[in-house]
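Below is one structure, written out as structure tokens; comments come after it.
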Amino acid sequence: MRTGEELPPLEIPITRTLIVAGAIASRDYQDVHHDAELARQKGSPDIFMNILTTNGLVGRYVTDHFGPGAVLRKVAIRLGAPNYPGDTMVLTASVDTIDDGTATVRVVGENGIGRHVTGTVTVTLPSGGV
């Protein structure tokens with residue numbers, strides 16, 4: 001592992017099930033995450049993914065790469081273009097810094113309409129992981 005190293009891209013199909021399940025799992029019952037008609041009434045073309053689901057997917061992407069001994073210390077993200085059903089989000093990342101067994105990883109997630117998420121993940125790596 002070295003600074004500048006890129007993680008392999010991860011493609012995540014954005015399904016209605018993923019959007020609704022993520023909202024339910026994070027106790028986000030806002031109608032724009034499960035009711036397409038009400039989402040349209042509020043100006044959205046369809047339901048869309050909530051930030052907590054995106055946050056979880058970003059964390060999973062990084063820990064899947066570094067292995068089961070990796071521990072998330074901080075996930076800081078900002079949302080952009082919504083994730084709508086039928087699209088695919090592609091996560092990419094690179095190692096920004098490594099210091100004493102802790103790595104900071106810059107993550108970007110893009111979908112068919114633009115950049116959905118940007119942020120950094122701070123992760124403590126298992127000994128020997130750096």
message: Do Ile113 and Leu18 land in one hydrophobic cluster if side-chain heavy atoms of ILVMFWY residues count as linked below 4.5 Å?
response: no
message: Between Thr63 and Gly59 (side chain of the first, backbone of the second, donor and acceptor by atom type, cut-off under 3.5 Å), is there such a pair?
response: yes
field: hydrophobic_cluster_shared for Phe66 and Val107, side chain cutoff 4.5 Å
entry: yes
- prompt: Under 4.5 Å between any side-chain heavy atoms of Val121 and Leu72, yes or no?
  reply: yes
- request: Quick one: list whatever passes ring pair (Phe, Tyr, Trp, His ring centres under 6.0 Å) with His33, sequence neighbours left out.
  value: Phe48
Donor-acceptor contacts under 3.5 Å from residues 74-83 side chains, at least two apart:
| from | atom 1 | to | atom 2 | distance (Å) |
| --- | --- | --- | --- | --- |
| Asn83 | OD1 | Asn111 | ND2 | 2.9 |
| Asn83 | ND2 | His116 | NE2 | 3.2 |

- prompt: With sequence neighbours left out, what residues match Tyr61 under ring pair (Phe, Tyr, Trp, His ring centres under 6.0 Å)?
  reply: none
query: Quick one: CD on Glu5 to NE2 on His65, what's the gap to the nearest 0.5 Å?
result: 5.5 Å
- line: salt bridge (charged side-chain N to carboxylate O under 4.0 Å, His left out) pairs touching residues 43-70, sequence neighbours excluded, are Arg16-Asp46, Arg60-Asp64
Run the side-chain donor-acceptor check on residues 87-95: report pairs under 3.5 Å with partners two or more places apart or on a different chain.
| from | atom 1 | to | atom 2 | distance (Å) |
| --- | --- | --- | --- | --- |
| Asp87 | OD1 | Gly112 | N | 3.1 |
| Asp87 | OD2 | Gly112 | N | 2.9 |

- request: Could you state whether Val58 and Ile14 fall into the same hydrophobic cluster, counting links through intermediate Ile, Leu, Val, Met, Phe, Trp or Tyr residues with side-chain heavy atoms under 4.5 angstrom apart?
  value: yes
- request: Please test Leu125 against Thr102 for side chain to side chain contact (heavy atoms under 4.5 Å, CB included), starting from the C-alpha separation and ending with a verdict.
  value: CA-CA 6 Å; Leu125 306 173; Thr102 299; over 6 Å; no
- prompt: In the single-linkage hydrophobic clustering (I, L, V, M, F, W, Y; side-chain heavy atoms under 4.5 Å), do Leu10 and Leu7 co-cluster?
  reply: yes
- request: Decide whether Thr97 and Thr104 meet the rule of one side-chain donor and one side-chain acceptor closer than 3.5 Å.
  value: yes
statement: Only residue of Thr53, Ile47, Ile24, Asn50 satisfying side chain to side chain contact (heavy atoms under 4.5 Å, CB included) with Ile19 is Ile47
field: Thr3: side chain to side chain contact (heavy atoms under 4.5 Å, CB included) partners, not counting sequence neighbours
entry: Ile98
query: Looking only at heavy atoms, what is the nearest atom pair of Glu37 and Asp35, with distance?
result: N-OD1, 3.1 Å
task: Begin from the C-alpha positions of Lys42 and Asp31 and carry the test side chain to side chain contact (heavy atoms under 4.5 Å, CB included) through to its verdict.
output: CA-CA 10 Å; Lys42 293 182 176 182; Asp31 51 25; 2.9 Å; yes
- prompt: Do Leu38 and Met49 belong to the same hydrophobic cluster, where Ile, Leu, Val, Met, Phe, Trp and Tyr are linked whenever their side-chain heavy atoms lie under 4.5 Å apart, directly or via other members?
  reply: no
